[in-house]
Amino acid sequence: FDRMAARIEALIAHERGVLQDVSHELRSPLARLHLLLDLARRTPAEGAEAHFARAEAEIGRLDRIIGEALALSRMEADLPGMALEAVEPLPLLQARIAAFRVEADSRRITIDLAAAAVPAITGSQSLFERAIDNLLSNAIKFSADGGRIETSIAEVDGQVEIAIRDHGSGVPDADLPNLFRPFFRGANASRAEGHGLGLAIVERIVTAHRGRVRAANADGGGLRVTLCLPSVAVAGLE
């Protein structure tokens, strides 16, 4: 009976976590929708069509978020029915950077990409997209207007490493060990809105795919977050 009660308590806590994740994940596409519609409203009719097309795409992403959160929940619980696929990480990273151009351009922030040939990784493409989206959103959030974000992708010892670095104020060293804890808000949290869930979700996604994530202050300022994901060959799925 005690074991059953503990299991029920753990399941309830897990489902609360899923609900919190969904609530957090809705915020970014909603913010982009608001920006796109505002741009469309201030653009002549003949030029507004592109903004409306991007807005429609964001609505589609909103529709997928709940399903993706549930997919992550199933993967973490090792439940059947979670489809895995070979994913090409470089096109995925390029596509997510392109999706954030509007938000970055509105603050004159440039996003650079240093890319090398990398092997495929295995898992859920939509969840990988969510992890990268959270990192890009975080980097933009903590960048100054007119700033720069550096992204890179490379193969290191059979792992695909994706790094995203901003040039903001970085994170106090005392906060680094807690950076991936849910709801953790560090000393610099007052500089940007948020609930402290974005990086926690990134870690959950990466861990569910047998990878790891690390964060460190970069030389010259700013925070660098690196995702290390096993290639298809390393994962034994070739």
Side-chain angles (χ1 to χ4, degrees), residues 21 24-39 42 51 54-55 57-58 61 65 89-90 92-116 128-154 161-203 205-206 213-228:
D21 289 354
H24 172 269
E25 292 299 308
L26 289 173
R27 293 176 62 88
S28 292
L30 283 173
R32 286 195 292 271
L33 267 176
H34 184 274
L35 175 61
L36 286 165
L37 293 175
D38 182 60
L39 288 171
R42 295 187 282 108
H51 297 312
R54 295 287 296 275
E58 291 297 337
R61 291 185 65 79
I65 282 175
L90 177 54
L92 184 150
L93 179 59
Q94 291 170 326
R96 299 323 307 150
I97 291 173
F100 276 83
R101 291 291 184 193
V102 170
E103 186 174 345
D105 289 348
S106 70
R107 294 179 48 204
R108 307 185 314 283
I109 296 171
T110 59
I111 305 178
D112 299 329
L113 172 61
F128 288 139
E129 289 177 351
R130 184 71 53 228
I132 292 171
D133 281 5
N134 282 0
L135 294 182
L136 287 171
S137 177
N138 211 55
I140 291 173
K141 184 190 304 182
F142 287 99
S143 292
D145 291 354
R148 179 166 56 96
I149 294 170
E150 299 174 11
T151 68
S152 65
I153 183 168
E161 291 197 357
I162 299 173
I164 297 178
R165 180 250 175 111
D166 63 60
H167 284 262
S169 58
V171 174
D173 290 340
D175 288 347
L176 282 172
N178 299 312
L179 207 55
F180 296 99
R181 283 176 47 196
F183 300 109
F184 177 75
R185 301 274 286 160
N188 63 353
S190 61
R191 301 179 186 178
E193 294 182 358
H195 298 285
L197 275 170
L199 291 179
I201 293 170
V202 170
E203 184 181 48
I205 291 172
V206 172
V213 58
R214 62 179 184 266
N217 287 312
D219 293 338
L223 181 72
R224 176 185 288 110
V225 181
T226 305
L227 309 183
C228 303

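The analysis underlying the following values was restricted to heavy atoms, covering all of them including side chains, and did not include hydrogens, waters or symmetry mates.
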Hey, are the side chains of [X] and [Y] touching, using non-hydrogen atoms and a 4.5 Å cut-off?
X    : Y    : value
N138 : I164 : no
L135 : I162 : no
L136 : T151 : yes
L223 : F142 : no
L176 : D173 : yes

Tell me every residue that passes side chain to side chain contact (heavy atoms under 4.5 Å, CB included) with [X], counting only those two or more places apart in sequence or in another chain.
X    : result
S137 : S28, F100
T226 : E161, A163, R214, R224, C228
A115 : L90, L113, I153

[atom1]/[X] to [atom2]/[Y] distance, rounded to the nearest 0.5 angstrom?
X    : Y    : atom1 : atom2 : answer
I149 : T110 : CD1   : OG1   : 8.0 Å
R96  : I111 : CZ    : CD1   : 11.0 Å
I97  : I132 : CD1   : CD1   : 8.0 Å

Considering all heavy atoms, the nearest [X]-[Y] contact:
X    : Y    : result
A144 : I109 : O-CG1, 3.8 Å
H167 : E150 : NE2-OE2, 2.9 Å
A55  : L33  : O-CD2, 3.2 Å
L35  : S106 : CD2-OG, 4.1 Å
D166 : A139 : CB-O, 3.8 Å

Does the side-chain contact (heavy atoms from CB on, under 4.5 Å) test come out yes or no for L227 and V202, once each step is laid out? CA-CA 9 Å; L227 309 183; V202 170; 3.7 Å; yes
Under the side-chain hydrogen bond (donor to acceptor under 3.5 Å, both in side chains) test, residues paired with [X] that sit two or more places apart:
X    : value
D219 : none
R107 : D145
D105 : none

Distance-only, no hydrogens or angles: does the N134 side chain make a donor-acceptor pair with backbone N or O of L199 under 3.5 Å? no
Between N217 (side chain) and V171 (backbone), is there a donor-acceptor pair under 3.5 Å? yes
